Structure formats: C-alpha cells, structure tokens
Amino acid sequence: MAQDNHYENAIQWLKDDEEQSSQKRAQKLSSRNTTEGLVGVYSDGSASMVEINCETDFVAKSDLFVDLVKQVSKNAAGYGAGLQDVSVDEILAKKIEDQSVKELITFTIGKLGENIQLRRVVSSKEEKDTIYGAYSHQGGQSLPQGMGRISSLVQIKCEPKNQEIQPLARKLAQHISGFNPTSVQELYDQPYLFGGGSVKEILDQEAQKLGVKCDIVDFKRWECGEGLEKKQENFAEEVARQMK
C-alpha cells in the first residue's frame, strides 16, 4: 500500500512539474508574434468556428496543434442564437474533461515550444428551424475535415426544419469560402459555384423540391491570420535569446 502511495505521489509530482514548466514556457513566449495557425469549424445541430494562431506553419500542421483546434472548435459550440461572437475568455475558461481550454493551450505550448493564442470564436446553439453548413478549405494540406486556412459557416432558416437541406448548406459554405461575399444579398446574386443559376435560385429550387421555405440568415468566412501584421523575425537573434 505504501508503495502504491509513493507511485501515485511520484506521478502527481511529474504532472505538477510538467504543468509548471508549461506555464513558465507559455509566459516566456507570450509576446511572440502569432500569424500562422488554423481555423476550425464544427457543425452538428449546434455550430462554432474558432481561429487558433501559432508562430509557424510547421507547428500548425503538427498532430498536437491539429488536435487542439479540433477539441476547442467542438467544445465551443452551443452558445447563443445565430452566429454570435463569443468572448475568448469565456471559451478559455470552459472545461474539456478535467482541464480548461486555457490549460490545454498552455500544455500544447509546453510541448511545441511556440506561442499559441485563441484569437476569436463564433458559436450557436441548436435551434428548431435552423440548419448550419460548414466548410474548411485545406489548400492541399493533409488535415482532418473541419479545419484549414479558410473556413466558413452559413446559417439557413428552414421551415419546417428538414435535414435534407444539409448537403446544400455545406456546398453553400464552400461557395462562401471561394467567392468571399460581403453580404447575404451579394451571396444570393452570385453565380453558384457548382453551376445551374444564382445562389438564390439554387436555394429556392432545393426548398421547393423538399416542400420547405429556406432563407440564408447569416454567414461567416474567416481566413487564418487576416488583419494581423506579420513581423520579420531575425532567427539568429531568436536563437541567441533562447540560449540566455
């Protein structure tokens, strides 16, 4: 029994030591520029989209970082009605199993050695008359579905709600990623990415076929790092700083 206690104490000490090391590393790296990363999107009744930034494209492609984006995007869903901006601090405080999102990010910083920041979040709860379509453009990268450099979410009001509109919702999110409309009206007027008429005409045709009424209420399109200034890093100086 005493041996078991020693073993458990040793494991807890290792966990505490790793956590403290990760916190120190995160604090040390916190001022470094983060313009790379991924935009993760999630839709399964409820919906969310998150942008998580890191310093290099190399880390953005790593399994640990990809898993971080996947976990945060899934757990960020379910806030508010419609595609609402959600406080980053609120999501950082959210628990994923036995740790907060902030603690998960800190742990990932400790493992990967780069500054990592949750930049922005939109989220929505499941609603009785709403269908969400999600799409991520991976740009040739080998990434899981639901994350990429560009991601889009579209909110469609469907009365009565019919899940058969879901495939079109996803294609509309793909259209938004490619055409980057600035308003719902502009989106309606654009020639549909896959042909056959305007976006409005395609949506109306599908709604008529299913016996429902559909309208696009809102959409979001994010490109990773947009609006952020990329600093030119002197890597020789960076290495020298790390040696101090």
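Predicted model only: the values in this text are computed from it and were never measured. Scope of the values below: all heavy atoms of this structure, side chains included, with no hydrogens, waters or symmetry mates. Just so you know, residue 1 is the first one in the sequence shown, and it goes up from there.
Tyr42 and Val88 fall into different hydrophobic clusters, where Ile, Leu, Val, Met, Phe, Trp and Tyr side chains are chained together by heavy-atom contacts under 4.5 Å.
The side-chain hydrogen bond (donor to acceptor under 3.5 Å, both in side chains) with Arg149 is formed by just one residue from the set Glu36, Gln138, His137; it is Glu36. When Val39, Val122, Leu38 are each tested for a side chain to side chain contact (heavy atoms under 4.5 Å, CB included) with Glu51, only one passes: Val39. Results of the side chain to side chain contact (heavy atoms under 4.5 Å, CB included) test with Lys157 over Ile131, Val212, Val217, Ile216 single out Val217 as the only residue that passes.
Under a cut-off of 6.0 angstrom, the local environment of CZ in Phe194 is crowded, with over 12 non-hydrogen atoms contributed by other residues, nucleotides or ligands. Remark: Glu164 CD is loosely packed, at most 12 non-hydrogen atoms of other residues, nucleotides or ligands lying under 6.0 Å away. Other residues, nucleotides and ligands place more than 12 heavy atoms under 6.0 Å from the CD atom of Glu186. Within 6.0 Å of atom NZ in Lys200, more than 12 heavy atoms from other residues, nucleotides or ligands are found, so the atom counts as buried in its surroundings.
Side-chain contact between Gln190 and Pro181 is present, with heavy atoms from C-beta onward closer than 4.5 Å. Contact of the Val41 side chain with the Ser73 side chain is not registered, since no non-hydrogen atoms from C-beta on lie closer than 4.5 Å. Side-chain atoms of Thr34 and Ile116, non-hydrogen and from C-beta on, never get closer than 4.5 Å to each other. Between Leu187 and His175, the closest side-chain pair of non-hydrogen atoms falls below 4.5 Å. When side chains are defined from C-beta on, Val121 does not count as touching Glu90, because their heavy atoms never get closer than 4.5 Å. You'll find the side chain of Asp44 stays beyond 4.5 Å of the side chain of Tyr132, heavy atoms only. When side chains are defined from C-beta on, Leu172 counts as touching Ile156, because their heavy atoms get closer than 4.5 Å. Taking the side chain as every heavy atom from C-beta outward, Val72 and Leu68 approach each other to under 4.5 Å.
Of the N and O atoms on the side chains of Ser124 and Gln155, not one donor lies less than 3.5 Å from an acceptor on the other residue. In the model, Gln208 has no side-chain atom that pairs as donor or acceptor with a side-chain atom of Asp204 under 3.5 Å. Judged purely by distance below 3.5 Å, without hydrogens or angles, the side chains of Ser123 and Ser48 never pair a donor atom with an acceptor atom.
Atom CG in Asp218 sits 8.0 Å away from atom CD in Gln84 (nearest 0.5 Å). The structure places OG of Ser151 at 12.0 Å from CD of Gln174, a figure rounded to the nearest 0.5 Å. Put simply, CZ on Arg120 and NZ on Lys220 are 9.5 Å apart, with the number rounded to the nearest 0.5 Å. Taken from CD in Glu159 to CG in Asp215, the straight-line distance is 8.0 Å, to the nearest 0.5 Å. Summarising the geometry, atom CG belonging to Asp67 is positioned 7.5 Å from atom CG belonging to Leu104; distances are rounded to the nearest 0.5 Å.
Between Gly196 and Gln205, the shortest heavy-atom contact is O-NE2, 4.2 Å. Minimum heavy-atom separation, Phe65 to Val59: CB-O, 3.2 Å.
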Checklist line | Test log, rule side chain to side chain contact (heavy atoms under 4.5 Å, CB included), inputs Leu193 and Lys171 | finding: CA-CA 8 Å; Leu193 175 64; Lys171 287 184 177 179; over 6 Å; no

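A donor-acceptor contact shorter than 3.5 Å is absent between the side chain of Ser152 and the backbone of Arg221.
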